[in-house]
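The structure appears right after this line, and notes come after that.
In this text, all values refer to a predicted model and were calculated from it rather than measured experimentally. Quick note: residue numbers are just sequence positions, from 1.
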Amino acid sequence: MRGFSALLFIVWFALKKDPMLGFGAVVGSTAFFITHGFKRYAEAQERRMLHDQTSMSDIAKIPISWSVIDAHL
């Protein structure tokens, strides 16, 4: 909840200063949360793949490996 409060505070004052600055703050935070979600998904898939909780073929593991590599860059 602290992160949401800080984001709300930043957007509120950015909108007062300049509407485009506020828009940029919203776009930036949206991009952050989307990429953060991708990273968390890739980490979960990596844990699942490494602990072999599923019977995935080697071919099926390739896209997951790419997303894990991309998330760590």
Side-chain angles (χ1 to χ4, degrees):
M1 193 67 174
R2 254 172 96 186
F4 177 73
S5 299
L7 179 60
L8 187 63
F9 177 78
I10 290 169
V11 171
W12 178 261
F13 283 102
L15 282 171
K16 282 186 169 184
K17 183 114 174 128
D18 182 16
M20 287 305 289
L21 187 61
F23 178 71
V26 170
V27 168
S29 66
T30 301
F32 167 78
F33 286 115
I34 288 172
T35 56
H36 183 69
F38 285 147
K39 184 177 179 181
R40 287 185 58 152
Y41 176 76
E43 289 170 350
Q45 292 299 318
E46 179 184 26
R47 281 192 302 274
R48 190 174 133 218
M49 186 174 64
L50 290 176
H51 297 300
D52 202 30
Q53 295 174 351
T54 182
S55 58
M56 295 175 68
S57 69
D58 290 338
I59 299 296
K61 291 179 183 178
I62 292 173
I64 295 171
S65 299
W66 290 339
S67 65
V68 168
I69 290 168
D70 190 39
H72 288 290
L73 292 179

Can you measure from CG (L7) to CZ (F33) and round to the nearest 0.5 angstrom?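 Those atoms lie 6.0 Å apart.
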Give the cluster check for V26 versus L15: same hydrophobic cluster or not, with ILVMFWY residues linked at side-chain heavy-atom distances below 4.5 Å.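 Result: yes, single cluster for both.
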Quick one: ring-ring contact (aromatic ring centres under 6.0 Å, His included) partners of F32, sequence neighbours excluded?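 Listed in chain order: H36.
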Other cluster members, V27 - Ile/Leu/Val/Met/Phe/Trp/Tyr, side-chain contacts below 4.5 Å: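 Cluster partners of V27: M20, F23.
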Would you please name every residue forming a side chain to side chain contact (heavy atoms under 4.5 Å, CB included) with K17, sequence neighbours left out?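 With sequence neighbours excluded, K17 shows a side chain to side chain contact (heavy atoms under 4.5 Å, CB included) to L21, given in chain and number order.
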